[in-house]
Amino acid sequence: MTPILSLRDVDKKYDGTLVLEKVSLDVGERDVLSVVGPNGAGKTTLLKIMAGIEAPTGGKVIYRGKPVGKENLDLVRRRCTMVFQRTVVFNTTVYKNVAYGLKVRGFPENVIRRKVNEALELVKLIGYEKRSAKKLSGGEQQRVALARARVLEPELLLLDEPTSNLDPKTTSIVEEAITYTNRYKGTAVVIATHNIFQARKICRRAVLLLNGKVVESGSVEEVFLRPSPLMAGFTGVENVFMGDSRPTEEGTSLIELGGGLTVEAAVSRSGRVTLFIRPEDIIVSKSPLKSSARNVLEGRIVEVSDLDSIVKLKVDVGRIFVVQVTKRSFREMNLNVGTRVFLAFKASSVRLL
Amino acid sequence: MTSEIVEGVRRAIELIFTGDPAVLDATLRSLYISGTATLLAATWSLPLGILIGSGSFRGKRTVKGIFNALLGVPTVGLGLILYLLLSKSGPLGVFRLLYTPSAIIIGQAILITPIIVTFCASAMESVEPEIKDLARTLGASEGEARLAVLREAAPGVALAVVASFNRAIAELGIALMLGGNISGLTRVLTTTIALETTRGNFELGIALTIILLSIVFILNFATNMLKREWS
(Lines give C-alpha, C1' and ligand atoms only; values in the text may rest on other atoms or scores of the structure.)
Protein backbone atom coordinates (compact mmCIF):
# COMPACT_ATOMS: atom_id res chain seq x y z
CA MET A 1 0.00 0.00 0.00
CA THR A 2 1.29 3.47 -0.80
CA PRO A 3 2.00 5.45 2.32
CA ILE A 4 0.06 8.69 2.83
CA LEU A 5 3.19 10.71 3.27
CA SER A 6 6.83 9.84 2.80
CA LEU A 7 9.97 11.83 3.40
CA ARG A 8 13.09 10.91 1.46
CA ASP A 9 16.43 12.36 2.54
CA VAL A 10 14.84 15.57 3.68
CA ASP A 11 17.21 18.36 4.72
CA LYS A 12 16.26 21.67 6.24
CA LYS A 13 18.65 24.56 6.67
CA TYR A 14 17.95 27.79 8.51
CA ASP A 15 20.53 30.51 7.91
CA GLY A 16 23.21 27.96 7.16
CA THR A 17 22.49 25.66 10.15
CA LEU A 18 21.28 22.20 9.32
CA VAL A 19 18.16 21.49 11.41
CA LEU A 20 17.19 18.27 9.67
CA GLU A 21 19.59 15.98 7.90
CA LYS A 22 18.64 13.22 5.49
CA VAL A 23 15.41 12.35 7.26
CA SER A 24 13.44 9.54 5.66
CA LEU A 25 10.23 8.09 6.99
CA ASP A 26 6.83 6.81 5.88
CA VAL A 27 3.41 7.34 7.39
CA GLY A 28 0.87 4.77 6.27
CA GLU A 29 -2.90 4.56 6.59
CA ARG A 30 -4.06 4.44 10.21
CA ASP A 31 -0.50 4.70 11.38
CA VAL A 32 0.38 6.13 14.77
CA LEU A 33 3.95 7.27 14.67
CA SER A 34 5.78 9.08 17.41
CA VAL A 35 8.73 11.29 16.75
CA VAL A 36 10.66 11.28 19.99
CA GLY A 37 13.56 13.51 20.74
CA PRO A 38 14.82 16.15 23.13
CA ASN A 39 13.98 19.82 22.70
CA GLY A 40 15.81 21.27 19.74
CA ALA A 41 16.13 17.94 17.92
CA GLY A 42 14.12 19.25 14.97
CA LYS A 43 10.73 17.69 15.74
CA THR A 44 8.70 20.85 15.10
CA THR A 45 10.47 21.55 11.83
CA LEU A 46 9.90 17.97 10.72
CA LEU A 47 6.17 18.25 11.41
CA LYS A 48 5.92 21.62 9.66
CA ILE A 49 7.48 20.10 6.57
CA MET A 50 5.04 17.20 6.72
CA ALA A 51 2.17 19.67 7.06
CA GLY A 52 3.28 21.58 3.97
CA ILE A 53 3.84 24.75 5.98
CA GLU A 54 7.58 24.78 5.40
CA ALA A 55 9.48 23.62 2.38
CA PRO A 56 12.52 21.36 2.79
CA THR A 57 15.85 22.67 1.51
CA GLY A 58 16.78 19.22 0.22
CA GLY A 59 15.22 15.83 -0.42
CA LYS A 60 11.65 14.97 -1.29
CA VAL A 61 8.26 14.97 0.37
CA ILE A 62 5.91 12.52 -1.33
CA TYR A 63 2.16 12.62 -0.84
CA ARG A 64 0.35 9.49 -2.03
CA GLY A 65 3.08 8.66 -4.49
CA LYS A 66 3.42 12.15 -5.92
CA PRO A 67 6.21 14.56 -4.99
CA VAL A 68 4.82 17.63 -3.20
CA GLY A 69 5.17 20.71 -5.32
CA LYS A 70 3.28 23.84 -6.25
CA GLU A 71 0.38 22.02 -7.87
CA ASN A 72 -0.49 19.77 -4.92
CA LEU A 73 0.73 21.86 -1.96
CA ASP A 74 -2.74 23.19 -1.21
CA LEU A 75 -4.11 19.63 -1.27
CA VAL A 76 -1.42 18.42 1.15
CA ARG A 77 -2.20 21.30 3.49
CA ARG A 78 -5.84 20.41 3.42
CA ARG A 79 -5.27 16.73 4.06
CA CYS A 80 -2.44 16.98 6.63
CA THR A 81 -3.27 19.20 9.58
CA MET A 82 -0.90 20.20 12.33
CA VAL A 83 -1.56 21.16 15.94
CA PHE A 84 1.20 23.37 17.30
CA GLN A 85 2.96 22.94 20.60
CA ARG A 86 2.31 26.50 21.70
CA THR A 87 -1.45 26.72 21.41
CA VAL A 88 -2.59 29.57 19.24
CA VAL A 89 -6.24 30.49 18.96
CA PHE A 90 -7.92 33.05 16.78
CA ASN A 91 -9.17 36.01 18.77
CA THR A 92 -12.81 34.98 18.49
CA THR A 93 -15.25 32.46 19.93
CA VAL A 94 -14.56 28.77 20.44
CA TYR A 95 -17.14 27.94 17.76
CA LYS A 96 -15.57 30.17 15.13
CA ASN A 97 -12.14 28.80 15.95
CA VAL A 98 -13.23 25.24 15.34
CA ALA A 99 -15.27 26.23 12.28
CA TYR A 100 -12.42 28.12 10.57
CA GLY A 101 -11.01 25.24 8.51
CA LEU A 102 -14.49 24.17 7.38
CA LYS A 103 -15.30 27.76 6.38
CA VAL A 104 -12.26 28.08 4.13
CA ARG A 105 -13.23 24.76 2.58
CA GLY A 106 -16.62 26.22 1.78
CA PHE A 107 -18.86 23.84 3.75
CA PRO A 108 -22.49 24.96 4.18
CA GLU A 109 -23.44 26.41 7.58
CA ASN A 110 -25.57 23.46 8.76
CA VAL A 111 -22.83 20.93 8.02
CA ILE A 112 -20.32 23.14 9.82
CA ARG A 113 -22.57 23.32 12.87
CA ARG A 114 -22.97 19.55 13.05
CA LYS A 115 -19.28 18.82 12.62
CA VAL A 116 -18.19 21.48 15.10
CA ASN A 117 -20.57 20.08 17.71
CA GLU A 118 -19.24 16.60 17.20
CA ALA A 119 -15.64 17.78 17.55
CA LEU A 120 -16.39 19.79 20.69
CA GLU A 121 -18.06 16.78 22.21
CA LEU A 122 -14.98 14.68 21.63
CA VAL A 123 -12.77 17.09 23.59
CA LYS A 124 -15.50 17.69 26.21
CA LEU A 125 -16.05 21.35 25.41
CA ILE A 126 -19.78 21.35 24.74
CA GLY A 127 -21.27 24.56 26.12
CA TYR A 128 -18.13 26.54 25.39
CA GLU A 129 -19.19 27.56 21.85
CA LYS A 130 -19.75 31.24 22.55
CA ARG A 131 -16.86 31.69 24.96
CA SER A 132 -13.90 33.74 23.82
CA ALA A 133 -11.14 31.27 23.00
CA LYS A 134 -8.43 33.65 24.20
CA LYS A 135 -9.91 33.69 27.69
CA LEU A 136 -9.86 29.92 28.19
CA SER A 137 -7.21 28.19 30.26
CA GLY A 138 -4.21 26.63 28.56
CA GLY A 139 -5.68 23.14 28.73
CA GLU A 140 -9.01 24.24 27.30
CA GLN A 141 -7.27 26.12 24.51
CA GLN A 142 -5.27 23.03 23.64
CA ARG A 143 -8.53 21.07 23.42
CA VAL A 144 -9.96 23.76 21.12
CA ALA A 145 -6.86 23.37 18.97
CA LEU A 146 -7.31 19.61 18.82
CA ALA A 147 -11.02 19.91 17.95
CA ARG A 148 -10.19 22.51 15.31
CA ALA A 149 -7.80 20.12 13.57
CA ARG A 150 -9.92 17.01 14.14
CA VAL A 151 -13.08 18.59 12.69
CA LEU A 152 -11.39 18.68 9.27
CA GLU A 153 -11.10 14.90 9.30
CA PRO A 154 -7.60 15.04 7.85
CA GLU A 155 -5.89 11.93 6.57
CA LEU A 156 -2.92 12.83 8.69
CA LEU A 157 -2.96 14.62 12.02
CA LEU A 158 0.37 16.08 13.10
CA LEU A 159 0.59 16.84 16.81
CA ASP A 160 3.53 18.76 18.21
CA GLU A 161 3.95 18.01 21.92
CA PRO A 162 0.17 17.82 22.38
CA THR A 163 0.30 17.49 26.16
CA SER A 164 3.58 19.09 27.19
CA ASN A 165 1.98 21.86 29.23
CA LEU A 166 -1.17 20.14 30.41
CA ASP A 167 -2.30 18.83 33.75
CA PRO A 168 -2.89 15.06 34.03
CA LYS A 169 -6.69 15.32 33.60
CA THR A 170 -6.51 17.34 30.37
CA THR A 171 -3.68 15.10 29.19
CA SER A 172 -5.91 12.05 29.43
CA ILE A 173 -8.77 13.82 27.59
CA VAL A 174 -6.37 14.74 24.81
CA GLU A 175 -4.82 11.28 24.66
CA GLU A 176 -8.25 9.66 24.52
CA ALA A 177 -9.33 11.98 21.72
CA ILE A 178 -6.19 11.13 19.75
CA THR A 179 -6.74 7.41 20.17
CA TYR A 180 -10.42 7.70 19.26
CA THR A 181 -9.62 9.75 16.16
CA ASN A 182 -7.17 7.14 15.02
CA ARG A 183 -9.28 4.06 15.78
CA TYR A 184 -12.70 5.18 14.66
CA LYS A 185 -11.99 7.83 12.08
CA GLY A 186 -8.98 6.07 10.62
CA THR A 187 -6.85 9.16 10.82
CA ALA A 188 -3.11 8.59 10.70
CA VAL A 189 -1.37 10.40 13.54
CA VAL A 190 2.16 11.63 14.01
CA ILE A 191 3.01 12.81 17.51
CA ALA A 192 6.17 14.71 18.32
CA THR A 193 6.88 14.22 21.97
CA HIS A 194 9.66 14.08 24.49
CA ASN A 195 7.49 11.98 26.75
CA ILE A 196 8.46 8.39 26.15
CA PHE A 197 5.58 7.08 28.22
CA GLN A 198 3.07 8.90 26.09
CA ALA A 199 4.72 7.53 22.97
CA ARG A 200 4.52 4.02 24.40
CA LYS A 201 0.91 4.45 25.41
CA ILE A 202 -0.47 5.82 22.16
CA CYS A 203 1.87 4.93 19.35
CA ARG A 204 2.72 1.83 17.40
CA ARG A 205 5.84 3.01 15.69
CA ALA A 206 8.50 5.45 16.76
CA VAL A 207 11.45 7.28 15.34
CA LEU A 208 14.07 8.78 17.57
CA LEU A 209 15.31 12.14 16.38
CA LEU A 210 18.59 13.51 17.67
CA ASN A 211 20.22 16.66 16.30
CA GLY A 212 18.08 16.54 13.18
CA LYS A 213 18.86 12.93 12.35
CA VAL A 214 16.73 9.82 12.67
CA VAL A 215 18.92 7.58 14.81
CA GLU A 216 16.45 4.80 15.59
CA SER A 217 13.21 3.71 14.03
CA GLY A 218 10.92 0.76 14.34
CA SER A 219 8.11 -0.47 16.53
CA VAL A 220 7.69 1.27 19.87
CA GLU A 221 9.09 -1.77 21.67
CA GLU A 222 12.15 -1.91 19.47
CA VAL A 223 12.95 1.75 19.91
CA PHE A 224 12.25 2.12 23.60
CA LEU A 225 12.99 -1.19 25.18
CA ARG A 226 16.33 -1.71 23.60
CA PRO A 227 18.81 -0.05 25.95
CA SER A 228 20.66 1.80 23.25
CA PRO A 229 23.43 4.20 24.11
CA LEU A 230 21.63 6.89 22.07
CA MET A 231 18.51 6.45 24.12
CA ALA A 232 20.51 6.77 27.31
CA GLY A 233 21.98 10.05 26.25
CA PHE A 234 18.57 11.38 25.42
CA THR A 235 17.89 14.08 27.96
CA GLY A 236 14.51 15.44 26.96
CA VAL A 237 12.52 13.21 29.29
CA GLU A 238 12.04 14.30 32.86
CA ASN A 239 13.84 12.47 35.65
CA VAL A 240 16.04 10.31 33.45
CA PHE A 241 19.23 9.28 35.16
CA MET A 242 22.08 6.90 34.50
CA GLY A 243 23.73 5.03 37.26
CA ASP A 244 25.50 1.92 38.43
CA SER A 245 23.19 -0.72 39.73
CA ARG A 246 23.95 -3.53 42.13
CA PRO A 247 21.40 -6.17 43.15
CA THR A 248 20.43 -6.60 46.81
CA GLU A 249 19.53 -9.78 48.62
CA GLU A 250 15.87 -8.77 48.68
CA GLY A 251 15.71 -8.90 44.91
CA THR A 252 15.82 -5.14 44.46
CA SER A 253 18.65 -2.96 43.18
CA LEU A 254 20.51 -0.03 44.62
CA ILE A 255 21.48 2.40 41.92
CA GLU A 256 24.11 5.05 42.47
CA LEU A 257 23.33 8.14 40.45
CA GLY A 258 26.43 10.12 41.45
CA GLY A 259 26.58 13.06 43.82
CA GLY A 260 26.11 10.66 46.74
CA LEU A 261 22.61 9.84 45.54
CA THR A 262 21.32 6.28 45.65
CA VAL A 263 17.84 5.09 44.72
CA GLU A 264 16.28 1.70 45.12
CA ALA A 265 14.49 -0.03 42.27
CA ALA A 266 12.12 -2.96 42.55
CA VAL A 267 13.89 -5.13 40.01
CA SER A 268 17.23 -6.84 40.25
CA ARG A 269 19.79 -5.54 37.81
CA SER A 270 23.53 -5.05 37.78
CA GLY A 271 25.76 -2.76 35.79
CA ARG A 272 25.16 0.49 34.01
CA VAL A 273 21.42 1.31 33.75
CA THR A 274 19.18 4.15 32.66
CA LEU A 275 16.16 4.85 34.80
CA PHE A 276 13.12 7.11 34.80
CA ILE A 277 10.88 8.21 37.60
CA ARG A 278 7.59 9.75 36.54
CA PRO A 279 7.00 13.13 38.19
CA GLU A 280 3.48 12.05 39.18
CA ASP A 281 4.87 9.08 41.12
CA ILE A 282 6.81 11.31 43.49
CA ILE A 283 5.24 12.57 46.72
CA VAL A 284 6.39 15.93 47.99
CA SER A 285 6.31 16.82 51.68
CA LYS A 286 7.94 19.26 54.05
CA SER A 287 8.94 16.67 56.62
CA PRO A 288 9.96 13.03 56.02
CA LEU A 289 6.83 10.91 55.60
CA LYS A 290 6.29 7.72 57.56
CA SER A 291 5.47 5.51 54.62
CA SER A 292 6.53 2.38 52.85
CA ALA A 293 8.27 4.36 50.13
CA ARG A 294 11.79 3.00 49.86
CA ASN A 295 13.21 6.19 48.46
CA VAL A 296 13.17 9.41 50.46
CA LEU A 297 15.39 12.23 49.24
CA GLU A 298 15.87 15.62 50.77
CA GLY A 299 16.46 18.71 48.67
CA ARG A 300 15.71 22.29 47.87
CA ILE A 301 13.24 23.68 45.31
CA VAL A 302 15.17 25.45 42.59
CA GLU A 303 12.43 26.26 40.10
CA VAL A 304 8.64 26.63 40.13
CA SER A 305 6.51 26.63 36.98
CA ASP A 306 2.79 27.09 37.02
CA LEU A 307 0.65 24.85 34.81
CA ASP A 308 -3.10 24.62 34.61
CA SER A 309 -4.15 23.00 37.85
CA ILE A 310 -0.78 21.68 38.89
CA VAL A 311 2.55 23.24 39.73
CA LYS A 312 5.75 21.76 38.40
CA LEU A 313 8.76 21.94 40.70
CA LYS A 314 12.42 21.29 40.10
CA VAL A 315 14.07 19.99 43.22
CA ASP A 316 17.80 19.67 43.75
CA VAL A 317 18.51 16.50 45.74
CA GLY A 318 22.04 16.11 44.42
CA ARG A 319 20.57 15.70 40.94
CA ILE A 320 17.64 17.75 39.65
CA PHE A 321 14.27 15.98 40.02
CA VAL A 322 11.06 17.20 38.40
CA VAL A 323 7.97 16.71 40.55
CA GLN A 324 4.43 18.02 40.47
CA VAL A 325 1.90 19.04 43.11
CA THR A 326 -1.63 20.38 42.82
CA LYS A 327 -2.04 24.11 43.07
CA ARG A 328 -3.90 23.65 46.33
CA SER A 329 -1.19 21.70 48.08
CA PHE A 330 1.36 24.11 46.65
CA ARG A 331 -0.41 26.89 48.52
CA GLU A 332 -1.16 24.88 51.64
CA MET A 333 2.42 23.71 52.04
CA ASN A 334 3.59 27.25 51.36
CA LEU A 335 6.21 26.07 48.85
CA ASN A 336 8.54 28.34 46.97
CA VAL A 337 11.99 28.49 45.45
CA GLY A 338 14.43 27.68 48.24
CA THR A 339 11.99 25.63 50.36
CA ARG A 340 13.47 22.40 51.73
CA VAL A 341 11.31 19.42 50.82
CA PHE A 342 11.36 15.64 50.93
CA LEU A 343 10.65 13.53 47.86
CA ALA A 344 9.30 10.05 48.42
CA PHE A 345 8.70 7.35 45.82
CA LYS A 346 8.34 3.61 45.80
CA ALA A 347 11.01 1.31 44.50
CA SER A 348 8.50 0.12 41.92
CA SER A 349 8.22 3.67 40.56
CA VAL A 350 11.83 3.55 39.49
CA ARG A 351 11.57 2.32 35.93
CA LEU A 352 14.59 0.85 34.29
CA LEU A 353 15.10 0.88 30.56
CA MET B 1 -18.79 84.30 38.00
CA THR B 2 -20.22 81.06 39.43
CA SER B 3 -23.77 82.07 38.56
CA GLU B 4 -22.55 83.03 35.09
CA ILE B 5 -21.20 79.51 34.58
CA VAL B 6 -24.42 77.91 35.80
CA GLU B 7 -26.46 80.21 33.59
CA GLY B 8 -24.08 79.52 30.70
CA VAL B 9 -24.51 75.74 31.06
CA ARG B 10 -28.29 76.14 31.31
CA ARG B 11 -28.42 78.26 28.16
CA ALA B 12 -25.99 75.91 26.42
CA ILE B 13 -28.21 72.90 27.03
CA GLU B 14 -31.11 74.93 25.72
CA LEU B 15 -29.14 75.74 22.56
CA ILE B 16 -28.34 72.09 21.98
CA PHE B 17 -31.86 70.84 22.45
CA THR B 18 -33.56 73.58 20.45
CA GLY B 19 -31.26 72.75 17.55
CA ASP B 20 -29.64 76.16 17.33
CA PRO B 21 -28.40 76.70 13.73
CA ALA B 22 -24.94 77.92 14.83
CA VAL B 23 -24.48 74.80 16.97
CA LEU B 24 -25.75 72.46 14.29
CA ASP B 25 -23.68 74.11 11.57
CA ALA B 26 -20.39 73.86 13.47
CA THR B 27 -21.09 70.29 14.63
CA LEU B 28 -21.97 68.94 11.21
CA ARG B 29 -19.02 70.68 9.58
CA SER B 30 -16.64 69.30 12.22
CA LEU B 31 -17.94 65.79 11.68
CA TYR B 32 -17.69 66.16 7.90
CA ILE B 33 -14.19 67.67 7.84
CA SER B 34 -12.60 65.40 10.45
CA GLY B 35 -14.44 62.34 9.12
CA THR B 36 -13.17 62.99 5.61
CA ALA B 37 -9.68 63.68 6.92
CA THR B 38 -9.70 60.35 8.80
CA LEU B 39 -10.90 58.41 5.74
CA LEU B 40 -8.32 60.13 3.56
CA ALA B 41 -5.50 59.49 6.03
CA ALA B 42 -6.62 55.86 6.42
CA THR B 43 -6.24 55.21 2.68
CA TRP B 44 -2.48 55.65 2.88
CA SER B 45 -1.80 55.12 6.59
CA LEU B 46 -3.41 51.69 6.97
CA PRO B 47 -1.44 50.02 4.15
CA LEU B 48 1.71 51.74 5.41
CA GLY B 49 1.06 50.61 8.99
CA ILE B 50 0.32 47.04 7.89
CA LEU B 51 3.49 47.01 5.80
CA ILE B 52 5.66 48.32 8.63
CA GLY B 53 4.02 46.05 11.19
CA SER B 54 4.15 42.81 9.23
CA GLY B 55 7.30 43.14 7.17
CA SER B 56 10.88 42.91 8.21
CA PHE B 57 13.10 45.19 6.24
CA ARG B 58 16.24 47.21 6.72
CA GLY B 59 15.64 50.50 8.50
CA LYS B 60 12.34 49.37 10.00
CA ARG B 61 13.29 50.74 13.40
CA THR B 62 14.25 54.08 11.94
CA VAL B 63 10.97 54.36 10.06
CA LYS B 64 9.03 53.47 13.20
CA GLY B 65 11.08 55.97 15.17
CA ILE B 66 10.26 58.75 12.73
CA PHE B 67 6.51 58.08 12.90
CA ASN B 68 6.73 57.87 16.67
CA ALA B 69 8.40 61.25 16.82
CA LEU B 70 5.78 62.73 14.48
CA LEU B 71 3.04 61.72 16.94
CA GLY B 72 3.89 64.78 18.96
CA VAL B 73 3.86 67.34 16.16
CA PRO B 74 2.29 70.60 17.39
CA THR B 75 -0.79 71.48 15.38
CA VAL B 76 0.18 75.13 15.04
CA GLY B 77 3.60 74.14 13.71
CA LEU B 78 2.04 71.93 11.06
CA GLY B 79 -0.56 74.66 10.45
CA LEU B 80 2.17 77.20 9.83
CA ILE B 81 4.07 74.99 7.37
CA LEU B 82 0.91 74.20 5.41
CA TYR B 83 -0.14 77.86 5.54
CA LEU B 84 3.15 78.83 3.89
CA LEU B 85 2.75 76.11 1.26
CA LEU B 86 -0.89 76.87 0.47
CA SER B 87 -0.89 80.68 0.68
CA LYS B 88 -1.26 82.55 -2.56
CA SER B 89 2.46 83.19 -2.97
CA GLY B 90 3.41 79.70 -1.75
CA PRO B 91 4.42 76.79 -4.01
CA LEU B 92 0.92 75.28 -3.87
CA GLY B 93 -0.86 78.62 -4.00
CA VAL B 94 -2.26 77.97 -7.47
CA PHE B 95 -4.75 75.49 -6.05
CA ARG B 96 -6.35 78.29 -3.98
CA LEU B 97 -6.98 75.94 -1.08
CA LEU B 98 -6.23 78.27 1.82
CA TYR B 99 -9.33 79.09 3.91
CA THR B 100 -11.38 76.25 2.44
CA PRO B 101 -12.63 73.08 4.17
CA SER B 102 -10.29 71.11 1.88
CA ALA B 103 -7.28 72.84 3.42
CA ILE B 104 -8.37 71.73 6.90
CA ILE B 105 -9.05 68.20 5.64
CA ILE B 106 -5.57 67.93 4.14
CA GLY B 107 -3.98 69.41 7.24
CA GLN B 108 -5.78 67.10 9.64
CA ALA B 109 -5.12 64.08 7.42
CA ILE B 110 -1.40 64.80 7.59
CA LEU B 111 -1.61 65.43 11.32
CA ILE B 112 -3.17 62.05 12.10
CA THR B 113 -1.14 59.96 9.64
CA PRO B 114 1.53 59.10 12.24
CA ILE B 115 -1.18 58.07 14.73
CA ILE B 116 -2.77 55.56 12.37
CA VAL B 117 0.57 54.27 11.07
CA THR B 118 2.07 53.78 14.53
CA PHE B 119 -0.97 52.19 16.15
CA CYS B 120 -1.73 50.02 13.13
CA ALA B 121 1.88 48.79 12.96
CA SER B 122 1.89 47.86 16.63
CA ALA B 123 -1.49 46.12 16.26
CA MET B 124 0.03 44.01 13.45
CA GLU B 125 3.13 43.30 15.52
CA SER B 126 1.08 42.11 18.45
CA VAL B 127 -0.53 39.35 16.38
CA GLU B 128 1.06 36.04 17.33
CA PRO B 129 3.50 34.96 14.62
CA GLU B 130 2.00 31.46 14.57
CA ILE B 131 -1.40 32.70 13.36
CA LYS B 132 -0.32 32.55 9.74
CA ASP B 133 0.96 28.98 10.02
CA LEU B 134 -2.20 28.07 11.88
CA ALA B 135 -4.42 29.36 9.09
CA ARG B 136 -2.25 27.55 6.54
CA THR B 137 -2.42 24.20 8.26
CA LEU B 138 -6.18 24.56 8.61
CA GLY B 139 -6.35 24.73 4.84
CA ALA B 140 -6.18 28.45 4.09
CA SER B 141 -4.53 29.70 0.93
CA GLU B 142 -1.75 32.28 1.26
CA GLY B 143 -4.28 35.08 0.73
CA GLU B 144 -6.69 33.70 3.32
CA ALA B 145 -3.80 33.27 5.77
CA ARG B 146 -2.86 36.94 5.38
CA LEU B 147 -6.50 37.87 5.90
CA ALA B 148 -6.58 35.84 9.11
CA VAL B 149 -3.62 37.86 10.41
CA LEU B 150 -5.38 41.11 9.50
CA ARG B 151 -8.51 39.97 11.30
CA GLU B 152 -6.48 39.39 14.46
CA ALA B 153 -5.17 42.93 14.25
CA ALA B 154 -8.59 44.44 13.50
CA PRO B 155 -9.48 45.63 17.04
CA GLY B 156 -6.17 47.47 17.32
CA VAL B 157 -6.56 48.96 13.86
CA ALA B 158 -10.09 50.15 14.64
CA LEU B 159 -8.76 51.77 17.79
CA ALA B 160 -6.08 53.53 15.72
CA VAL B 161 -8.70 54.98 13.37
CA VAL B 162 -10.97 56.16 16.18
CA ALA B 163 -8.09 57.70 18.11
CA SER B 164 -7.01 59.57 15.00
CA PHE B 165 -10.54 60.88 14.38
CA ASN B 166 -10.68 62.11 17.97
CA ARG B 167 -7.37 63.90 17.52
CA ALA B 168 -8.60 65.51 14.29
CA ILE B 169 -11.94 66.73 15.59
CA ALA B 170 -10.42 68.09 18.80
CA GLU B 171 -7.49 70.02 17.27
CA LEU B 172 -7.58 73.78 16.90
CA GLY B 173 -4.33 74.95 15.32
CA ILE B 174 -4.82 73.62 11.80
CA ALA B 175 -8.53 74.48 11.62
CA LEU B 176 -7.79 78.02 12.69
CA MET B 177 -4.72 78.70 10.55
CA LEU B 178 -5.82 76.94 7.36
CA GLY B 179 -9.58 77.44 7.70
CA GLY B 180 -9.69 80.94 9.06
CA ASN B 181 -12.92 80.37 11.00
CA ILE B 182 -15.13 81.74 8.22
CA SER B 183 -18.77 81.59 9.25
CA GLY B 184 -20.77 79.12 7.17
CA LEU B 185 -17.67 77.88 5.36
CA THR B 186 -14.81 76.77 7.60
CA ARG B 187 -16.14 77.37 11.09
CA VAL B 188 -15.83 74.12 13.10
CA LEU B 189 -16.42 73.20 16.76
CA THR B 190 -12.98 74.07 18.10
CA THR B 191 -12.59 77.35 16.23
CA THR B 192 -16.08 78.49 17.23
CA ILE B 193 -15.41 77.66 20.88
CA ALA B 194 -12.20 79.70 20.80
CA LEU B 195 -13.83 82.64 19.04
CA GLU B 196 -17.01 82.79 21.12
CA THR B 197 -15.04 82.56 24.36
CA THR B 198 -12.85 85.53 23.47
CA ARG B 199 -16.00 87.41 22.59
CA GLY B 200 -17.49 86.64 26.01
CA ASN B 201 -20.25 84.53 24.45
CA PHE B 202 -19.81 81.65 26.89
CA GLU B 203 -23.10 79.82 26.38
CA LEU B 204 -22.38 78.95 22.76
CA GLY B 205 -18.81 77.96 23.70
CA ILE B 206 -20.08 75.74 26.49
CA ALA B 207 -22.73 74.17 24.24
CA LEU B 208 -20.12 73.28 21.62
CA THR B 209 -17.70 71.96 24.23
CA ILE B 210 -20.42 69.67 25.56
CA ILE B 211 -21.01 68.38 22.04
CA LEU B 212 -17.30 67.93 21.35
CA LEU B 213 -16.79 66.04 24.59
CA SER B 214 -19.84 63.88 23.90
CA ILE B 215 -18.54 62.90 20.46
CA VAL B 216 -15.14 61.96 21.87
CA PHE B 217 -16.62 60.06 24.82
CA ILE B 218 -19.20 58.19 22.78
CA LEU B 219 -16.59 57.11 20.24
CA ASN B 220 -14.17 55.95 22.89
CA PHE B 221 -16.90 54.11 24.70
CA ALA B 222 -18.09 52.43 21.51
CA THR B 223 -14.57 51.37 20.62
CA ASN B 224 -14.01 49.89 24.05
CA MET B 225 -17.27 47.97 23.79
CA LEU B 226 -16.29 46.75 20.36
CA LYS B 227 -12.88 45.69 21.63
CA ARG B 228 -14.45 43.71 24.45
CA GLU B 229 -16.88 42.10 22.02
CA TRP B 230 -13.99 41.01 19.84
CA SER B 231 -11.79 39.55 22.50
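A note on names: the letters A, B, ... follow the listed sequences, proteins ahead of strands, and every chain is numbered from 1.
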Q) How far apart are the closest heavy atoms of A/Val88 and B/Glu130, and which atoms are they? A) CG2-CB, 3.6 Å
**Q.** Short N-O contact, B/Glu144 and A/Lys103, less than 4.0 angstrom
**A.** no
**Q.** Where B/Pro155 and A/Asn91 come nearest, the two heavy atoms and their spacing
**A.** CG-ND2, 4.5 Å
Q | Residues, nucleotides or ligands: over 12 heavy atoms within 6.0 Å of A/Lys66 NZ | A | no
Q. Looking at A/Leu102, A/Leu158, A/Thr81, which one has more heavy-atom pairs under 4.5 Å with chain B than the rest?
A. A/Thr81
Q) So what's closer than 4.5 Å to chain B heavy atoms on A/Val89: side chain, backbone, both or neither? A) backbone
Q | Non-hydrogen atoms of A/Arg148 and B/Leu138 that approach each other most closely | A | CD-CD1, 3.6 Å
(Q) Taking CZ in B/Phe57 as the centre, count heavy atoms belonging to other residues, nucleotides or ligands within less than 6.0 Å. Is the count above 12? (A) yes
**Q.** CZ-CG distance between A/Phe84 and B/Asp133, expressed to the nearest 0.5 angstrom
**A.** 4.5 Å
Q) When you measure from the side chain of A/Arg78 to the backbone N and O of B/Gly139, does any donor-acceptor pair fall under 3.5 Å? A) yes
Q) If you count the non-hydrogen atoms of other residues, nucleotides and ligands that lie under 6.0 Å from CZ in B/Phe119, is the total more than 12? A) no
Q.
When you compare the side chain of B/Glu152 with that of A/Phe90, does any pair of heavy atoms fall below 4.5 Å?
A. yes
Q | Considering all heavy atoms, the nearest A/Val104-B/Ala140 contact | A | CG2-N, 4.2 Å
Q: Starting at NZ of B/Lys132, measure out to CD1 of A/Ile53 and round the result to the nearest 0.5 Å.
A: 12.5 Å
Q: Output the distance between atom CZ (B/Arg136) and atom CE (A/Met82), rounded to the nearest 0.5 Å.
A: 12.5 Å
